[in-house]
Amino acid sequence: MVKPSIPKGTRDFTPETLLKRNYIFDIIRQTFERFGFVPIETPAMENLSTLMGKYGEEGDQLLFKILNSGDFLKQVDLSQDQDYRKVASQICEKGLRYDLTIPFARYVVMHRHEITLPFKRYQIQPVWRADRPQKGRYREFYQCDADVIGSDSLLCEAELMLLYDEVFTRLQLPVRIKINNRKILQGLAETVGCSSMLSDITTAIDKLDKVGTEGVRQELQERFLPQEAIDRIMQYLQLSFAELPAFLANSAAGIQGIAEVTQVMDFLASTPLKNELVADPALARGLNYYTGCIFEVQATQLQIGSIGGGGRYDNLTGTFGMPGISGVGISFGAERIYDVMEQMGLFPEKITKTSAVVLFACFDVAAQRFAMPLAQQLRHAGISVEVYPEPVKIKKQLEYADRRAIPHVVILGSEEMASGLLTVKNMQTGQQQQLTVEALISQLTE
RNA sequence: GAGGAUGUAGCUCAGCUGGUUAGAGCGCCAGAUUGUGGCUCUGGAGGUCGCGGGUUCGAUUCCCGUCAUUCUCCCCA
């Protein structure tokens, strides 16, 4: 006998869980479509050549690689000591996708002739990372991405802010949306005389919420920034957005970044958000492919890290031979949104219930045969119906209805078949009535 | 990659400084109620104490190893 198990960091979803997850996905999907995004899907596996080198050194390590079929050892040169990475590249040509952005870039290039720019796509699919699982972190998890590719306009950024606002409003989950611009951070790096260390600075600043100002200072010291630069960065972190122009006055990039954020705000001037939108100079985001505006969403009532993020990237398709295309996108962290909503009790009561509204409980096979056309009649009236498949004791069948939270049970035996009147039991009140099918239907469809 | 914690019934866990038939709650099954769920009562089933080795007269308990799970850091969603 094999002890049943699933791989580390993966999950089965129970009906209760999946009904709640789908509630979130449905709202996100509907909102994407309301903003004119169209769906695509890409394969779970991509060629490793598509994925490798796109997520940094550590990213390559975190890719799940798929062993070639057939006699994969035939190709391998084991005559001398080899780096395992080299061997891996000889025996694996495919890998599971790590995110939805790179496959999308690949998709755009491959389908360039059938795509009309600007192209607005959304994609809700699982991704895989060979990471060590932790609380709220899995090896298989879903991403919900929407990107606009082929437009430089900051109206896209503004609309994405409205999209975030709409989704979290519908989920009744209060959030703070932060916006900043990579060029502002670049301006900071220039201003403190460390342009070449931009990514060190952004990864350090990114931890501000987690480790505090002293933690950031320490992080910067470990990354060997000059003391003077560190002092000025600490000074920067205290600034409000309004104070940035003075601080970044000598950086063309910095001024450009401020202008971009301001313009996004201008686009939103006459469509106020229901949630908080703040320009936050301290917002960094680790990913290095962002080049313009960057966003992050946090739940305001719970400390749980970000539940969404995104930004503008230039030239994402460049590595696939299609340079000069700019895009901007956002992502929803479905797993964390779920956790927050669960903790705050935001899932509507009715989605946690079973789908069936009526159960037919039959005494014997004759009653079951009698029930079949009645069940169909109810179903055609739009009512979800189950017929209990075994002619066992009514006690047993009522117990089943009780556990599945099915609100109505039709008890069917010789008496009902003779009279043509159905015995309908309301499982909440325990009361029973004798009804014709028509009366039952009209009662349930009121 | 580094460090910690935990593995006992289907689930959540108790089990004293090592001691003879390893317990509880919940769940499950049956009955009280042969055409009626929840509540109650009665009875019942269910355990290689993760696995391997060691110490001992004796190990669920102590030691070592191993596997699994989980948490923190790194990184990320």
Side-chain angles (χ1 to χ4, degrees), chain A residues 1 3-11 14 24 55-63 97-101 124-145 199 202-204 206-207 209-211 215 218-219 222-223 284-288 295-299 304-310 329-340 359-364 367 388 391-418 422-434:
Chain A
M1 190 202 71
K3 192 178 179 185
S5 66
I6 54 174
K8 195 188 295 202
T10 64
R11 296 158 290 169
T14 62
I24 296 173
Y55 308 106
E57 282 174 50
E58 199 139 349
D60 285 354
Q61 303 269 90
L62 296 178
L63 285 171
R97 69 167 164 256
Y98 182 88
D99 70 359
L100 301 178
T101 308
I124 299 175
Q125 287 191 278
V127 302
W128 294 268
R129 294 185 188 177
D131 212 349
R132 189 163 196 150
Q134 270 177 53
K135 193 184 183 72
R137 281 173 62 178
Y138 307 95
R139 290 182 142 181
E140 177 184 63
F141 61 96
Y142 275 73
Q143 288 194 333
C144 315
D145 280 21
S199 70
T202 54
T203 44
D206 195 32
K207 294 178 187 168
D209 279 345
K210 207 169 181 178
V211 298
Q218 203 179 323
E219 182 85 21
E222 282 162 19
R223 288 166 187 273
R285 290 195 69 73
L287 291 177
N288 277 319
F295 330 108
E296 192 160 291
V297 184
Q298 291 172 341
I304 196 170
S306 82
I307 54 177
I330 55 172
S331 182
F332 289 84
E335 322 289 342
R336 280 191 185 168
I337 291 172
Y338 180 96
D339 288 345
V340 173
L359 176 79
F360 278 81
C362 305
F363 282 97
D364 48 34
Y388 196 87
V392 293
K393 279 189 268 191
I394 290 303
K395 175 185 169 68
K396 189 93 184 163
Q397 304 190 44
L398 285 170
E399 209 172 281
Y400 173 83
D402 185 50
R403 286 188 195 194
R404 296 278 316 274
I406 296 171
H408 307 278
V409 176
V410 173
I411 297 169
L412 251 187
S414 48
E415 293 171 22
E416 286 76 12
M417 288 192 277
L422 303 177
T423 301
V424 181
K425 184 179 178 89
N426 180 317
M427 294 297 282
Q428 262 109 55
T429 63
Q431 286 173 345
Q432 290 183 194
Q433 23 179 194
Q434 308 294 123

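The chains referred to below are lettered A, B, ... by the order of the sequence lines, with proteins before strands, and numbering in each begins at 1. These numbers come from the heavy atoms of this one structure, side chains and all, not from hydrogens, waters or symmetry mates.
Within the nucleic acid shown, K425(A) comes within 4.0 Å of at least one base atom, counting heavy atoms only. The residue G309(A) sits apart from the nucleic acid: no heavy atom pair falls under 4.0 Å. In this structure, Y400(A) reaches neither bases nor backbone, as no heavy-atom distance under 4.0 Å exists between it and the strands shown. If you check every strand for non-hydrogen atoms under 4.0 Å, G430(A) touches a base. Across all strands shown, E416(A) has heavy atoms under 4.0 Å from base atoms, whether or not it also approaches the sugar-phosphate. S331(A) comes within 4.0 angstrom of nothing in the nucleic acid, heavy atoms only.
Between the CD atom of Q143(A) and the C1' atom of rC76(B) there is a distance of 10 Å, rounded to whole Å. The separation between K8(A) atom NZ and rC67(B) atom C1' is 11 Å, rounded to whole Å. Atom CD in Q61(A) sits roughly 14 Å away from atom P in rC76(B) (whole-Å rounding). Atom pair I337(A):CD1 and rA77(B):C1' shows a separation of 10 Å (rounding to whole Å applied). If you measure from atom CG of D131(A) to atom C1' of rG1(B), you get 11 Å, rounded to the nearest angstrom. One interatomic measurement links the two molecules: OH of Y55(A) to C1' of rC75(B), which rounds to 15 Å at whole-angstrom precision. Going from atom OH of Y142(A) over to atom P of rA77(B) covers 18 Å, rounded to whole Å. Taking atom CG on L62(A) and atom P on rA77(B), their separation rounds to 11 Å, with Å as the unit.
For the residue pair A299(A) and I307(A), the shortest heavy atom distance occurs at N-CD1, 4.0 Å. Annotation for A401(A) and L359(A): closest pair CB-CD2, 3.8 Å, computed over non-hydrogen atoms. Heavy atoms only, all atoms of each residue included: I406(A) and M427(A) are closest at O-CG, 3.4 Å. Contact record, Y98(A) with L63(A): CB-CD2, 3.7 Å, taken as the closest heavy-atom pair.
Within the 4.0 Å cut-off from OP1 or OP2 of rG37(B), not a single side-chain nitrogen or oxygen of Q397(A) is found.
Separating the C1' atom of rU55(B) from that of rC74(B) is a span of 41 Å, rounded to the nearest Å. Rounded to whole Å, the separation between the C1' atoms of rC13(B) and rU6(B) comes to 12 Å. For the P atom pair drawn from rG19(B) and rC11(B), the interatomic distance equals 26 Å after rounding to whole Å. Using C1' as the reference atom, rU8(B) and rU48(B) are 12 Å apart when rounded to the nearest Å. When the C1' atom is used for both rA9(B) and rC49(B), the distance is 10 Å, rounded to whole Å. Nucleotides rG10(B) and rG47(B) have their P atoms positioned 7 Å apart, rounded to a whole Å. Nucleotides rG1(B) and rA59(B), compared at atom P, are 37 Å apart to the nearest Å. Nucleotides rU60(B) and rG15(B) have their C1' atoms positioned 8 Å apart, rounded to a whole Å.
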Audit row: R129(A), F141(A), side chain to side chain contact (heavy atoms under 4.5 Å, CB included) steps and yes/no: CA-CA 9 Å; R129(A) 294 185 188 177; F141(A) 61 96; 3.8 Å; yes

Quiz item: Hey, mind stepping through R97(A) and Q143(A) against side chain to side chain contact (heavy atoms under 4.5 Å, CB included) and telling me if it holds?
Solution: CA-CA 11 Å; R97(A) 69 167 164 256; Q143(A) 288 194 333; over 6 Å; no

One pair to check against side chain to side chain contact (heavy atoms under 4.5 Å, CB included): Y55(A) and D99(A). What are the steps and the verdict? CA-CA 10 Å; Y55(A) 308 106; D99(A) 70 359; 2.7 Å; yes

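Between the side chain of D145(A) and the backbone N or O of S331(A) there is no donor-acceptor pair closer than 3.5 Å. The backbone N or O of Y142(A) lies less than 3.5 Å from a partner atom in the side chain of E335(A), making a donor-acceptor pair. Without hydrogens or angle criteria, E416(A) side chain to G413(A) main chain gives a donor-acceptor distance under 3.5 Å.
Pairing for rG10(B) goes to rC26(B), judged as Watson-Crick or G-U wobble with the two contacts each under 3.5 Å. rA32(B) is paired with rU40(B) under the criterion used here, namely a Watson-Crick or G-U wobble arrangement in which both key atom distances are under 3.5 Å. When both pairing distances are held under 3.5 Å, rG47(B) makes no Watson-Crick or G-U pair with any nucleotide shown. rG1(B) and rC73(B) make up a base pair, with Watson-Crick or G-U wobble contacts both under 3.5 Å. Across all strands shown, the partner of rC62(B) is rG54(B), judged by Watson-Crick or G-U wobble contacts whose two distances both fall under 3.5 Å.
Taking the salt bridge (Lys or Arg N to Asp or Glu O under 4.0 Å) definition, one finds that E399(A) meets it with R403(A), sequence neighbours left out.
Closest contact between the side chain of M427(A) and the listed nucleotides rA77(B), rG35(B), rG37(B) involves rG37(B). In the set rA2(B), rC75(B), rA77(B), rC75(B) carries the atom at the smallest distance from any side-chain atom of R223(A). Of the candidate nucleotides rU36(B), rC75(B), rA77(B), rC75(B) has the atom nearest to the side chain of E219(A). You'll find that the side chain of L398(A) is closest to rG37(B), out of rG37(B), rG35(B), rC73(B). Taking the side chain of R132(A) as heavy atoms from C-beta on, and the options rU70(B), rA77(B), rG35(B), the nearest nucleotide is rU70(B). Checking rC75(B), rU36(B), rC74(B) against every side-chain atom of K207(A), the shortest atom distance belongs to rC75(B). The side chain of D402(A) sits closest to rG37(B) out of rU36(B), rC71(B), rG37(B).
Side-chain atoms of R137(A) come within donor-acceptor range of the base of rC75(B), with a qualifying N/O pair under 3.5 Å. Between the base of rU36(B) and the side chain of Q432(A) there is a donor-acceptor pair shorter than 3.5 Å.
A 6.0 Å sphere centred on CD of Q431(A) holds no more than 12 heavy atoms belonging to other residues, nucleotides or ligands.
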Every protein N/O within reach of nucleotides 43-45 of chain B N/O, cut-off under 3.5 Å:
none

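Of the two residues contacting RNA chain B, namely Q134(A) and I6(A), the nearest-nucleotide position lying further toward the 5' end is that of I6(A).
At a threshold of 4.5 Å between non-hydrogen side-chain atoms, the residues L398(A) and K425(A) count as touching.
Using a 5.5 Å limit on the distance between ring centres and a 30° limit on the angle between planes, the aromatic ring of F363(A) does not count as stacked on the six-membered base ring of rG35(B).
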In 5'-to-3' order, the base (B), backbone-only (S) or no-contact (-) status of each nucleotide in nucleotides 26-33 of chain B, using a 4.0 angstrom heavy-atom cut-off, is --SS-S--

